[in-house]
Amino acid sequence: MPHRSMNVSGVEVTPLCDAVGPMGPAISRPLAEMFAGSGLPDEPWVLHFHCYLLRDAAGRLTLVDTGIGGEQSPASSWAPVPGVLTGELAAAGVTPAEIGTVVLTHLHSDHASGAVADGAPVFENARYVVQQAELDAARGSVLDEIVSVIKDRLHVVEGDAEIVPGVRVRLAPGHTPGHQIVRVGDVAMTGDLVHHPVQLANPEIRYLYDDDGETAARTRAEVLAELGAERAVIATSHFSEPFLRL
Ligand SMILES: [Zn+2]
Ligand SMILES: [Zn+2]
């Protein structure tokens, strides 16, 4: 359990560090290429892969993202598999069967793959919250090996929705068509809205693997401006430190 939890509005927010490592050679590029115009060095990028556990006062357990999955997961072509999400959950005293709701910020393989192991849902009693636009755009191994396995448990939303009392999702498109962020109190779990701290100072700095770089930059600027005005805490997927107060 390398990262510490925080409490907000009666909800304990625990970062789960699923993996740390560089991307594999299939898609790895130096930081300077991943974030063109950022001034970052021509060096490899070592990312953390974070999921978040929310435990509210009523004991409800919600998981935000499911990480990179096992040795054979759809993320194995590029991410440092296997992820250790279930070990991180165990360290927090939680079994997968206790999770009531899983929010998938989007259907990239490093966020959705941990939902399935050996062809079966890992969180056997959970519903899986995903945006309609994300589902519509899903294809490839994530669709075939992940979405198809959890399809009877999907809770499909469009736009903004309260998915558990006190927990809201919000559509934040660009990185993917149906990318969503999650709010609880003044904490925002931002998925892949931002990938590197350099984008906080300048949201115009694009990430090489945003689906739609222009929409992603516009969404990033809008959402960060709103969160910044609130002095909200962002809980990021890929920064080295999970929490950062704007
Ligand atoms: Zn971490
Ligand atoms: Zn992504």
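Both counts, for ligands and for their atoms, begin at 1 and track the order of listing.
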To the nearest 0.5 Å, tell me how far Leu227 CG sits from Arg183 CZ.
-> 5.5 Å
For Arg206, all residues meeting salt bridge (Lys or Arg N to Asp or Glu O under 4.0 Å), sequence neighbours excluded | none
Report whether Leu104 and Val169 are members of the same hydrophobic cluster (ILVMFWY, side-chain heavy atoms less than 4.5 Å apart, transitive linking).
-> no
Min side-chain heavy-atom separation His50-Phe239 under 4.5 Å | no
Partner set under side-chain contact (heavy atoms from CB on, under 4.5 Å) for Glu162, not counting sequence neighbours | Arg168
Does Glu214 CD have over 12 foreign heavy atoms under 6.0 Å away?
-> no
Ile234 and Val182: same hydrophobic cluster, using ILVMFWY side-chain contacts below 4.5 Å?
-> no
Total protein N/O/S atoms sitting under 2.8 Å from the Zn ion (ligand 1), waters ignored, is 4
Is there a donor-acceptor pair under 3.5 Å between the side chain of Arg220 and the backbone N or O of Pro203?
-> yes
Provide the protein N, O or S atoms situated under 2.8 Å from the Zn ion (ligand 2); waters are not included.
-> His106 NE2, His108 ND1, His175 NE2, Asp192 OD2
Parallel, tilted or perpendicular: ring planes of His111 versus His238, cut at 30 and 60 degrees = perpendicular
